[in-house]
Asker: 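Below you will find the structure I want to go over with you.
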Amino acid sequence: MSYYDIDSILTDAEKIPCTFQLDIPDLGYLDNNPGQALKSGTKIALPLWLAEMLAIANLGDDIDQDKSFVSFELPAAVGNDVVQALKADPRAVPLRDQSPHFYGLATHMMDLSEEQELGSVLRKTFVTRAAEIALHARKVGGTTGSKGGPAEEASNLGVGGAGEEFLRGLDEWERKLFRKAHDGSKAGKEWMDSVKKR
Amino acid sequence: MTRCATWRPKRKLNLLRSIIRFSPRLSSPVQSQDSAALIRRANIVTPPWLLHPVSLSSIINRETKEDPVAFSPPPPPPSRAIPFRTRHRPALGREQRGCKPRPAVPALLHRRRAGRISTITLARGSRGAARRDDMPAPAGEVRSLMRDLVEVRAAKLRSSTSAFEGFGDGLMSLTGVGAMELAESRGFVLGVVDGVGKIGASAEATRREGEEAGGRRDDDEESDEDMGI
């Protein structure tokens, strides 16, 4: 993954709920309490990159060696409710509403936490939704339309018809997949048309 | 790869005789069997079975009902596909002597080589369906059957990714899949493999860590036992 990968940067900027483990002077403004110390036990949403560093680093104190600055929980996007909904029907959950970088966030959280179940649920979700995405990618742009004409000339990212709701709920990984699948069938169709004209 | 096609010269092609060794004198509109790769200046005639609803329906039936998993078998390899290279075919002698090929009976045409399809023939078929007027069936019917066939095969290729749900099930026979179909689905399938790999990488790392930790503990216990503790 490139250092300048914009999706990776945006995934790192996603906020996750953290609980501070100790009092920190003059940081009260983070909790709408300027001029005061940030109390231990305060819950604040921190960006993933910062939360990761604070959670892994320990205090360097002889007494509190196992204690870190913050402890974090799973964000709502990959919380229990969402996982249960994905188990029931992966296609019915609009992942983009949970997080535009759902899979990026989820895989990152899998690295940090020891959630065993999340991996298998994510894998099943991705594969099931991928089949649906490929179906829509083939349909969009009127590949199945018979007569030709302006309706067939859809843009590369155009959406329409019954699957609009589903396509709106795709996260970034899935959008990329959609684009790849659509480019493939579009190129195939163009080649077929060029054969016909020759 | 060379494929066999029936073609019809657009005009008198004496020059081609140097390339096509076994062909008789070519004058329009004689039909002859030759390698499709050599022929750029001729009209390739769509195989009649490809434009016949009966053979098309039988292929669709086989793809959907008889064997919903595998694809229809591909055309035979070139050595068998080009008749003038096989020595024991009687047609060779006829062609060499300059005889015209046997007349084709329209009623039986759809039986010839039916079922052995490739994407090239599908493309050829759709071109034929677009141009020909003397089709044995209404063009709309043939076109819709052909579209059905293309969609059925594309759906099969897409469904191959559902095997990634479990571990170690990613195998699928691609025998009979055309290069064009493969090219169409390549980006998508690679994208799915990539995504599943990324998701699996962290799960795999966690599992390995757990195994290593477990293994270390076992070693400790064994060494404890060795020492009689």
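Just so it is clear: chains get the letters A, B, ... in the order the sequence lines come, proteins before strands, and each one is counted from 1. A quick note: this is a predicted structure, and the numbers were derived from the prediction, not measured.
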Asker: Does any backbone or side-chain atom of A:Ala187 lie under 4.5 Å from a heavy atom of chain B? Answer side chain, backbone, both or neither.
Answerer: neither
Asker: Which bit of A:Leu135 is near chain B, if near means a heavy-atom gap under 4.5 Å: side chain, backbone, both or neither?
Answerer: both
Asker: Could you check which of A:Leu177, A:Leu118, A:Leu122 has the highest count of heavy-atom pairs closer than 4.5 Å to chain B?
Answerer: A:Leu177
Asker: I need the A:Lys176 NZ to B:Asp194 CG distance, nearest 0.5 Å.
Answerer: 9.0 Å
Asker: Are A:Asp183 and B:Phe188 close enough that some pair of their side-chain heavy atoms sits under 4.5 Å apart?
Answerer: no
Asker: Not counting sequence neighbours, which residues clear ring pair (Phe, Tyr, Trp, His ring centres under 6.0 Å) with A:Phe126? List them please.
Answerer: A:Tyr103
Asker: To the nearest 0.5 Å, how far apart are CZ in A:Arg138 and CD in B:Glu151?
Answerer: 4.5 Å
Asker: Could you grab the distance from atom CZ of B:Arg158 to atom CD of A:Glu132, nearest 0.5 Å is fine?
Answerer: 9.5 Å
Asker: What's the shortest heavy-atom distance between B:Ile199 and A:Arg123, and which atoms?
Answerer: CG2-N, 4.1 Å
